[in-house]
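Presented below is the structure to which this report refers.
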Amino acid sequence: MGSYQKADGITLSQLNNTEYTNFMNRVLALLTAGSISKLTVTNIVNSIKPRLAQMEDLVNRSMANAETKDLLKLDAERDSYVSYLLATVRAAKNSPLAAQRDAYNTLEITVRPYTGLARMRNMEETAAITGLLLDFRKEAVKAAVTALNLDAILTALETANKNYSALTDARSATRTAESTADSKTVRAQLDSLYDDLVMHVTAVNILTPSITEASAFLTALNQVITETKAAYDRRKGITAPSKPSGGGEAPDPDGGGGVTPPSGGGGSGEAPDPAA
């Protein structure tokens with residue numbers, strides 16, 4: 001009992017359409033032509049692909065609507081702040097001032113995960129910047145931030161990031177009823193197919209452990225689930241210590257279902273969310 005690999009639970013209804021579509025694409029990417037055949041999931045995969053293409057179309061339409069002059073300006077602004085922030089920390093490594101070299105040693109670990117942040121898709125960048133700001137506001141690095149005179153740039157970055165997020169939310173409010181209905185319908189179908197896929201592969205893993213592709217898929221899937229949950233938490237400003245031990249945040253009011261055992265779930269997906 002308990003020795004078989006299992007899929008972790010994830011409440012898909014919490015994810016906006018961009019996050020949801022990205023998650024489904026990553027799940028499909030775990031399956032090769034060979035593993036699809038060995039796991040006998042060809043029919044499920046073939047059913048997922050056209051529906052996922054519909055979701056990508058909905059997301060792309062939403063993204064196109066969000067590409068306004070103001071959004072582009074704010075994105076460039078926050079990119080410049082991030083670049084300056086990271087460059088300042090790295091430059092402190094060779095500073096003639098001991099206090100600034102010490103600040104580099106303190107902050108180098110903090111900035112390391114944010115390398116390449118400006119190249120992220122815009123909504124992912126919004127979440128990452130929120131995480132960066134939380135890290136730079138921790139008490140343990142406060143003295144280092146002051147030593148490098150970064151307080152003003154952090155404030156400016158926070159303002160630009162909040163303005164970008166607010167403007168994106170405003171564009172999101174203009175979603176049409178038709179797009180909302182399309183999204184809910186497609187996500188409900190994908191939720192069911194995802195559950196079928198996970199349950200089928202889990203059954204193969206239990207009944208035919210010699211097919212190692214099943215265990216490998218579930219292991220890789222759990223990593224994708226972990227990363228998706230972490231990205232969602234950053235977007236919502238949730239830090240690890242504050243998360244309830246029994247699960248994540250309640251689903252969005254207009255969110256949908258689709259959860260792997262043991263989470264349980266229901267409903268249909270959220271309307272498209274402007275991104276990138």
Heavy-atom side-chain contact between K38 and V204 under 4.5 Å: no
Nearest heavy-atom neighbours spanning M55 and Y20: CE-CD2, 4.3 Å
L132 side, atom CG; L154 side, atom CG - distance, nearest 0.5 Å: 7.5 Å
Audit row: N16, R235, side chain to side chain contact (heavy atoms under 4.5 Å, CB included) steps and yes/no: CA-CA 11 Å; N16 63 36; R235 179 168 68 85; 3.5 Å; yes
Closest approach of V201 to F217 (non-hydrogen atoms, all atoms of both residues): CG1-CD2, 3.6 Å
Check: T228 side chain, V224 main-chain N or O, donor-acceptor pair, under 3.5 Å: yes
Worked verdict on N22 versus V59 for side chain to side chain contact (heavy atoms under 4.5 Å, CB included): CA-CA 10 Å; N22 181 59; V59 169; over 6 Å; no
Derivation of the side chain to side chain contact (heavy atoms under 4.5 Å, CB included) call for I44 and I48: CA-CA 6 Å; I44 297 176; I48 289 176; 4.0 Å; yes
With R101 via side-chain hydrogen bond (donor to acceptor under 3.5 Å, both in side chains) - residues at least two apart: none
Enclosure of I109 CD1 (heavy-atom neighbours >12, cutoff 6.0 Å): no
From T21 atom OG1 to E56 atom CD, the distance as rounded to the nearest 0.5 Å: 6.5 Å
Closest non-hydrogen atom pair between A231 and A127, with its separation: O-CB, 4.1 Å
Residue list, ring pair (Phe, Tyr, Trp, His ring centres under 6.0 Å) with F23, at least two apart or on another chain: Y194
By salt bridge (Lys or Arg N to Asp or Glu O under 4.0 Å) - contacts of K93 (at least two apart): none
For the student: nearest non-hydrogen atoms of T168 and M123, plus distance: CG2-SD, 3.6 Å
Residue list, side-chain contact (heavy atoms from CB on, under 4.5 Å) with S37, at least two apart or on another chain: none
Residues forming a side-chain contact (heavy atoms from CB on, under 4.5 Å) with A128, sequence neighbours excluded: L117, M120
Show me, pair by pair, the donor-acceptor contacts under 3.5 angstrom made by side chains of residues 78-88, not counting sequence neighbours?
unit_1 : atom_1 : unit_2 : atom_2 : d
R78    : NE     : D75    : OD1    : 3.0
R78    : NH1    : T126   : OG1    : 2.8
R78    : NH1    : N161   : OD1    : 2.7
R78    : NH2    : D75    : OD1    : 3.3
R78    : NH2    : N122   : O      : 3.0
R78    : NH2    : T126   : OG1    : 3.4
S80    : OG     : E77    : O      : 2.6
Y81    : OH     : E77    : OE2    : 3.3
S83    : OG     : D79    : O      : 3.0
T88    : OG1    : Y84    : O      : 2.7

Inter-residue atom distance K49.NZ - L190.CG, 0.5 Å rounding: 13.5 Å
Minimum side-chain heavy-atom gap N17-R187 below 4.5 Å: yes
Residues which pass side-chain contact (heavy atoms from CB on, under 4.5 Å) with N149, listed by chain and number, not counting sequence neighbours: none
Side chain to side chain contact (heavy atoms under 4.5 Å, CB included) between M24 and L12, worked out: CA-CA 10 Å; M24 287 297 181; L12 296 178; 3.9 Å; yes
Approximate separation, where rounding is to 0.5 Å, of D8 CG and K229 NZ: 6.0 Å
Hphob cluster co-occupancy, I225 + V41, side-chain heavy atoms under 4.5 angstrom: yes
Set of side-chain hydrogen bond (donor to acceptor under 3.5 Å, both in side chains) partners for Y114, sequence neighbours left out: D135
Partner set under side-chain hydrogen bond (donor to acceptor under 3.5 Å, both in side chains) for Q189, not counting sequence neighbours: R51
Qualifying residues under side-chain contact (heavy atoms from CB on, under 4.5 Å), relative to Q100, sequence neighbours excluded: A92, S95, L97, L148
Least distance between heavy atoms, E213 atom then S35 atom: CG-CB, 4.0 Å
side-chain hydrogen bond (donor to acceptor under 3.5 Å, both in side chains) partners of N163, counting only residues at least two apart: none
Distance (rounded to the nearest 0.5 Å) between K6 NZ and T219 OG1: 13.5 Å
Hydrophobic cluster membership, L133 vs Y164, 4.5 Å side-chain cutoff: no
Interatomic spacing from OH in Y4 to CD1 in I206 - rounded to 0.5 Å: 6.5 Å
Minimum heavy-atom distance between A7 and L218, given as atom pair plus value: CB-CD2, 4.1 Å
Hphob cluster co-occupancy, L107 + L134, side-chain heavy atoms under 4.5 angstrom: no
Joint cluster assignment, L71 & I129, ILVMFWY side-chain distance < 4.5 Å: no
Those residues that, when tested against E108, pass salt bridge (Lys or Arg N to Asp or Glu O under 4.0 Å) (two or more places apart): R112
Main-chain N/O of A188 paired with S192 side-chain donor or acceptor, under 3.5 Å: no
Any side-chain donor near an acceptor of the partner, T115 and R90, under 3.5 Å: yes
